[in-house]
Novice: 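Dropping the structure in here first, questions after.
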Amino acid sequence: MSRSSIKYIDTSYMYRHQPVAAPVSNPVIYGRFPKFSHRKSSVEKINKFLSSILLLLVMLSLVSYYFVSDGEKNMNNLGREIVALTNENIELQNKLDNLNSFNKVGTIIKDTSALDTAKKVIEIPAVNTISAPQISSVPVNYNWSIGY
């Protein structure tokens with residue numbers, strides 16, 4: 001006899017306190033499984049609704065995170081450009097100040113005609129000055145005590 005030709009009869013299954021015999025050929029699970037229609041309970045409906053809302057909120061947060069990070073990146077780029085322009089502005093202002101100072105010196109020289117001032121001699125009366133006292137060149141020996 002081959003194994004596939006043997007019919008197994010399950011008598012260990014109880015249905016409404018009566019043993020049930022069901023012919024089965026090579027079963028994996030023994031028993032009688034009645035079919036019934038499965039209706040979704042209200043808890044399952046609420047869970048599905050809340051899950052869909054949670055999924056929508058997660059998607060919304062991902063999209064908003066993208067836009068916030070993109071805005072922050074743009075702000076960092078603008079900040080770097082502002083610092084570069086400020087530094088360039090400082091350098092240009094220094095060059096302009098330097099040129100203005102040369103321009104002022106040039107206009108003062110043109111107004112006073114500096115070449116003509118060499119012909120004029122300004123005499124100032126001598127000022128009596130007091131000469132500084134002479135310091136002796138002989139060193140004085142001091143008794144220093146180190147550390148006290």
Novice: Do Asp70 and Asn74 come within less than 4.5 Å of each other through their side chains, counting heavy atoms only?
Specialist: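 Touching, per the 4.5 Å side-chain cut-off.
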Novice: Under 3.5 Å, is there a donor on one side chain and an acceptor on the other for Gln93 and Asp97?
Specialist: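 A donor-acceptor contact under 3.5 Å links the two side chains.
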Novice: Got a list of side-chain donor-acceptor pairs under 3.5 Å for residues 50-65, not counting sequence neighbours?
Specialist:
unit_1, atom_1, unit_2, atom_2, d
Ser51, OG, Asn47, O, 2.7
Ser52, OG, Lys48, O, 3.4
Ser52, OG, Phe49, O, 2.6
Ser61, OG, Leu57, O, 3.3
Ser61, OG, Val58, O, 2.7
Ser64, OG, Leu60, O, 3.2
Ser64, OG, Ser61, O, 2.9

Novice: Among Val83, Leu85, Asn89, which residue meets the side chain to side chain contact (heavy atoms under 4.5 Å, CB included) test with Asn87?
Specialist: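 That would be Val83; it is the only one of Val83, Leu85, Asn89 passing the side chain to side chain contact (heavy atoms under 4.5 Å, CB included) with Asn87.
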